[in-house]
Amino acid sequence: MTAETAPRRARIGIMGGTFDPIHNGHLVAASEAQIQFNLDEVVFVPTGKPWMKDTVTLGEHRYLMTVIATAANPGFNVSRVDLEREGATYTIDTLRDMRKAYPDADLFFITGADAVAQIMEWKDVAEVWTLAHFIAVSRPGHALTISGLPEQGVSSLEVPALAISSTDCRNRVSRGYPVWYLVPDGVVQYIAKHHLYRSS
Ligand code: NAP
């Protein structure tokens with residue numbers, strides 16, 4: 001088979017995050033990564049129990065908000081791999097599971113630059129590099145500056161809409177401020193229906 005006749009390998013984005021809640025910055029980042037890296041599909045993977053975090057909203061709520069937020073886009077999907085695995089979530093396990101699901105694809109792990117900056121401390125980091133290319137997304141002026149990352153393995157992507165943050169969305173809800181237009185409409189309604197992020 002010549003290079004011209006070989007089938008093109010699929011290119012799959014894996015959007016890893018806590019998504020507590022998912023917001024429009026995440027969606028713009030995924031869409032931008034899809035265009036810039038020519039991805040066939042972006043699979044959102046809400047973390048199970050995030051490494052180093054004691055309290056996050058129930059995984060099922062975060063999963064359903066992610067499904068609601070991505071439902072209208074045929075190029076976006078959601079995976080439960082991290083939610084269904086026991087114990088803390090490590091990216092090495094996410095990537096091994098996604099490699100099994102997409103054995104012949106090139107994988108691109110998309111997440112916040114702040115999270116990627118900690119990558120050298122991640123479990124099995126040497127194998128992590130072999131499984132995916134990393135796309136570190138940040139708001140303008142906060143690009144990834146960390147030494148020791150393999151140049152081939154990580155790309156930076158500036159996304160102005162990432163001025164929105166999950167922490168800010170949670171704080172606004174707890175203080176009674178609206179999150180319309182910061183998160184998708186269906187997510188606004190889901191948060192209200194399930195009384196999420198209200199201060200006790
Ligand atoms: P985080 O520390 O809560 O987030 C760090 C920053 O990145 C925040 O500003 C966050 O904004 C942003 N961010 C997170 N996910 C994003 C995404 N997909 N797109 C754009 N911005 C994003 O990070 P986290 O959510 O817990 O973890 C992110 C991913 O890294 C997850 O898949 C997690 O499993 C993985 N991770 C793995 C290890 C490990 O293997 N040891 C350690 C840490 C993280 P928002 O709060 O607005 O999202």
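Order of appearance sets the numbers: ligands from 1, and atoms from 1 within every ligand. Nothing fancy with the numbering, it's 1 onward along the sequence.
- For ligand 1, the atoms lying closer than 4.0 Å to a non-hydrogen atom of Ser165 are 47 (O).
- Residue contact check: His26 has heavy atoms under 4.0 Å from atoms 17 (C), 19 (N), 20 (C), 45 (P), 47 (O), 48 (O) of ligand 1.
- Distances below 4.0 Å separate heavy atoms of Phe109 from the following atoms of ligand 1: 32 (O).
- Proximity of a side-chain donor or acceptor of Arg85 to a complementary backbone N or O of Gly48 within less than 3.5 Å is not detected.
- In plain terms, the two heavy atoms of Arg99 and Ala105 that are nearest each other are NH1-O, 2.9 Å.
- Ring geometry for His61 versus His194: interplanar angle of 30 to 60°, hence tilted.
- Shown in contact with Thr18 at under 4.0 Å from a heavy atom are these atoms of ligand 1, numbered in order with element: 24 (P), 25 (O), 26 (O).
- Considering Asp82, Asp114, Thr47 only, the shortest heavy-atom separation from atom 34 (O) of ligand 1 involves Thr47.
- Within the set Asp93, Thr111, Val28, the minimum heavy-atom distance to atom 15 (N) of ligand 1 is found for Thr111.
- For ligand 1, the atoms closer than 4.0 angstrom to any heavy atom of Thr89 are 34 (O).
- Contact annotation: the side chain of Arg139 never approaches that of Val159 to less than 4.5 Å [non-hydrogen atoms, C-beta and beyond].
- If you check each of Phe19, Phe134, Tyr90, Trp122 against atom 44 (C) of ligand 1, the one with the closest non-hydrogen atom is Trp122.
- Below 4.0 Å from some heavy atom of Met15 lie the following atoms of ligand 1, by number and element: 17 (C), 18 (N), 19 (N).
- Considering backbone and side-chain atoms alike, Ser166 places an N or O below 3.5 Å from some N or O of ligand 1.
- Phe44 does not count as a contact of ligand 1, since none of its heavy atoms falls under 4.0 Å from the ligand.
- A distance below 6.0 Å separates the ring centres of Phe19 and His26.
- Between Trp122 and Phe109, the angle of the ring planes goes over 60°, which puts this pair in the perpendicular group of the 30/60° scheme.
- You'll find the side chain of Ser156 stays beyond 4.5 Å of the side chain of Ser138, heavy atoms only.
- In this structure, Arg62 contributes its side chain and Pro21 its backbone to no donor-acceptor pair below 3.5 Å.
- Checked against a 3.5 angstrom limit, the closest N/O atoms of Arg139 and ligand 1 fall outside it.
- Interface of Ile110 with ligand 1, defined as ligand atoms under 4.0 Å from a residue heavy atom, comprises 18 (N).
- Tyr63 carries Arg80 over the face of its six-membered ring, with the cationic atom under 6.0 Å from the centre and within 45° of the normal.
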Evaluation steps, side chain to side chain contact (heavy atoms under 4.5 Å, CB included), between Val128 and Leu95: CA-CA 7 Å; Val128 160; Leu95 291 176; 4.2 Å; yes
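- Put simply, part of His23 is less than 4.0 Å from ligand 1, judged by heavy atoms.
- The shortest N or O to N or O distance between Val137 and ligand 1 is not below 3.5 Å.
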